[in-house]
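Read through the structure below, which is laid out as structure tokens, and then see the notes.
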Amino acid sequence: MNASSPRFQAPLWLPGGHAQTIWAAVQAQRLPGGRKPPLWRWERWDTPDGDFIDVALSVQAGEACGRRPWLVLFHGLEGSAASHYALALQYLAELRGWSMVVPHFRGCGGQPNRAARAYHSGDADEADWILRRLCLCAQGPLFAVGVSLGGNVLARWAGLQGARAADVVRALAVMSAPLDLVAGGRALGRGLNRWIYTPMFLRTLMPKALAKWEQFPGLFDREAVLRSRDLQDFDDAFTAPVHGFRDALDYWHRASAKPVLADIRVPALLLNARNDPFVPAASLPGARDVGASVTLWQPEQGGHVGFVEGSWPGHVRAMPEAVMRWLAGHESKE
């Protein structure tokens with residue numbers, strides 16, 4: 001386990017975890033000046049339970065199978081292929097000649113999914129199905145990145161799979177993931193987090209939940225969802241009962257990746273800024289929580305999926321580039 005990380009220093013004009021988080025999401029450059037966003041090729045994959053997910057691929061039509069490396073991105077809560085980190089990673093993958101694919105969690109591809117469920121932070125079974133399906137196509141090595149919620153999903157998958165994960169991916173990286181969901185959930189319900197970020201998430205989560213109730217009347221307590229004022233309320237009312245958990249705390253405890261990090265047997269990078277507003281520094285994994293296959297990067301600054309660098313207005317490519325270099329270091333089997 002190597003706890004060293006690339007030197008990261010946020011710009012002087014962007015102090016603090018909140019500013020570094022918000023500016024990255026709304027204003028910092030994703031791509032170099034003049035570079036156009038990628039044109040994704042979209043596919044719809046039927047799931048084993050009769051539902052579907054929407055998948056964005058950066059490769060040209062007809063090139064789905066090739067010997068180039070593949071980068072799979074599991075996005076964050078209410079994220080997509082349009083998220084700032086997805087655009088930065090796609091640009092960097094293209095520079096390396098890698099293909100990239102962004103499987104969208106259920107209901108995040110722009111249309112409601114069919115089944116009486118949505119997505120959640122601990123859905124390692126969904127990640128396993130997606131990754132193994134990609135293995136059937138990708139002739140080159142497969143790498144995976146998970147961001148925030150998607151990072152917890154990916155890390156939990158790797159821990160539960162143990163040595164079997166190496167049959168699927170060459171290496172993986174997890175960025176800004178709340179690996180202790182109890183600590184992360186409680187942090188989002190307090191102070192500025194409750195007023196800044198909670199309304200942003202609930203603005204899309206609540207309509208999706210209410211639309212799901214219209215599909216399946218009585219699936220959960222609709223009035224409790226309408227009363228939700230933070231993510232714990234929402235997870236109590238919707239996420240937990242719909243996905244088989246007793247309540248939000250039961251969900252957070254059982255879905256957290258941190259308890260299985262020591263079981264990861266594939267090269268894995270866990271990256272968390274220590275000033276992440278969503279993830280208390282005290283909850284981050286230490287050397288005793290992980291195994292020899294895991295590398296920890298925990299810079300003092302960066303915010304939540306932020307890591308803005310450069311002169312005004314800054315860009316978000318520096319840390320994804322460092323992550324890509326780390327992954328590329330495992331392109332050849334040892």
F143 versus P69, closest heavy-atom pair with distance: CE1-CB, 4.1 Å
T47 and I53, any side-chain heavy atoms less than 4.5 Å apart: yes
Any side-chain heavy-atom pair of V168 and W157 under 4.5 Å: yes
Positive for side chain to side chain contact (heavy atoms under 4.5 Å, CB included) with L149, one of L77, L181, L154: L77
Any side-chain donor near an acceptor of the partner, Q20 and N275, under 3.5 Å: yes
Aromatic contact, F245 with W252 (centres under 6.0 Å): no
Going by atom type alone, with no hydrogens or angles, which donor-acceptor pairs under 3.5 Å involve a side-chain atom of residues 306-327 and a protein atom two or more places apart or on another chain?
| unit_1 | atom_1 | unit_2 | atom_2 | d |
| --- | --- | --- | --- | --- |
| H315 | ND1 | R317 | N | 3.2 |
| R317 | NH1 | L31 | O | 3.4 |

W98 backbone acceptor or donor facing R68 side chain under 3.5 Å: no
Under-4.0 Å salt bridge between E78 and R203: no
Sidechain-backbone polar pair: R194 side chain, G191 backbone, donor-acceptor under 3.5 Å: no
Side-chain (N152) to main-chain (S121) donor-acceptor, under 3.5 angstrom: yes
Backbone of A28 reached by a side-chain donor or acceptor of R30 within 3.5 Å: yes
Check: W45/E43 side-chain N/O donor and acceptor closer than 3.5 Å: yes
Cation-aromatic face contact R44/F52, 6.0 Å, 45 degrees: yes
Within-4.5 Å side-chain heavy-atom neighbours: F74 and V147: no
Side-chain donor/acceptor of R170 to backbone N/O of E331, under 3.5 Å: yes
Worked verdict on S176 versus Y85 for side-chain hydrogen bond (donor to acceptor under 3.5 Å, both in side chains): CA-CA 11 Å; S176 298; Y85 51 83; over 6 Å; no
Cation-pi geometry met for R222 and W213 (6.0 Å, 45°): yes
Donor + acceptor pair across side chains of K212, N113 (<3.5 Å): yes
Trace of the side chain to side chain contact (heavy atoms under 4.5 Å, CB included) decision for L271 with V174: CA-CA 6 Å; L271 165 62; V174 170; over 6 Å; no
Of D51, D123, D49, T239, the residue whose pairing with R117 passes side-chain hydrogen bond (donor to acceptor under 3.5 Å, both in side chains): D123
Residues R114, D46; criterion salt bridge (Lys or Arg N to Asp or Glu O under 4.0 Å); working and verdict: CA-CA 10 Å; R114 290 191 290 260; D46 291 325; 3.5 Å; yes
Heavy-atom pair of closest approach, residues R96 and A328: NH1-CB, 3.6 Å
D236 side-chain N/O to A248 backbone N/O, donor-acceptor pair under 3.5 Å: yes
Near-ring test F105/H75, centroid separation under 6.0 angstrom: yes
Closest approach of A144 to V169 (non-hydrogen atoms, all atoms of both residues): CB-CG1, 4.4 Å
Polar side-chain atom of D289 near backbone of P285 as donor-acceptor pair, under 3.5 Å: no
Short side-chain to backbone donor-acceptor contact, S228 and V225, under 3.5 Å: yes
Validation row: D276, V305 side chains within 4.5 angstrom (heavy atoms): no
Side chains of W42 and D54, donor plus acceptor under 3.5 Å: no
Side-chain donor-acceptor contact under 3.5 Å, H104 with S80: no
Pairwise side-chain contact, L179 with N272, heavy-atom cut-off 4.5 Å (strictly under): yes
Nearest non-hydrogen partners of Y119 and C108, listed with the distance: CE2-SG, 3.4 Å
